[in-house]
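Bear in mind that the values here come from a model prediction, so they are computed numbers and not experimental data.
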Amino acid sequence: MTAPPETIRTHSARVACDGAGEIPAALGHPRVWLEIDERGYVDCGYCDRRFVLTGGGADHAPGDIGPHGEDALGR
């Protein structure tokens, strides 16, 4: 069984991903720049990491329930 994709919380709507982290950068993938949209998150097409924008009401992933009972879209 494989581990679920990593979720990274960020304060910036523009993020870079190269697949590195706990592995050396040489073992990752080409660096790509990703833009978080109105959904509040973006997934890397190479490694499936999910970058979630913190603050502004979108600080959790879709399907997650926030501290006030709302989902990622504030519903």
Side-chain angles (χ1 to χ4, degrees):
M1 187 168 163
T2 60
E6 183 179 5
T7 298
I8 299 173
R9 299 189 186 285
T10 180
H11 293 288
S12 175
R14 187 163 189 245
V15 295
C17 184
D18 61 7
E22 294 188 21
I23 62 171
L27 299 176
H29 59 71
R31 178 173 289 174
V32 293
W33 289 93
L34 307 165
E35 192 76 32
I36 298 173
D37 62 15
E38 65 276 350
R39 296 177 301 174
Y41 69 93
V42 66
D43 296 328
C44 176
Y46 283 99
C47 65
D48 293 330
R49 278 186 179 151
R50 176 164 285 183
F51 294 88
V52 178
L53 188 62
T54 58
D59 58 352
H60 45 274
D64 290 353
I65 302 299
H68 304 292
E70 77 282 5
D71 66 10
L73 299 176
R75 300 177 286 178

Can you name the closest pair of heavy atoms from Cys47 and Cys17 and give their distance?
SG-SG, 3.6 Å
Under 3.5 Å: donor-acceptor pair, side chain of His29, backbone of Tyr46:
no
Can any side-chain N or O of Thr54 pair as donor or acceptor with the backbone N or O of Thr10 at less than 3.5 Å?
yes
Would you call [X] and [Y] a side-chain contact if the rule is heavy atoms closer than 4.5 Å?
X	Y	value
Ile36	Phe51	yes
Asp37	Val42	no
Leu34	Val32	yes

Distance, nearest 0.5 Å, that separates CG of Leu53 from CD of Glu35:
10.0 Å
Taking atom CZ of Arg50 and atom CG of Asp43, what is their separation to the nearest 0.5 Å?
4.0 Å
Mind checking salt bridge (charged side-chain N to carboxylate O under 4.0 Å, His left out) for Asp18 and listing every partner two or more places apart, or none if nothing turns up?
Arg31
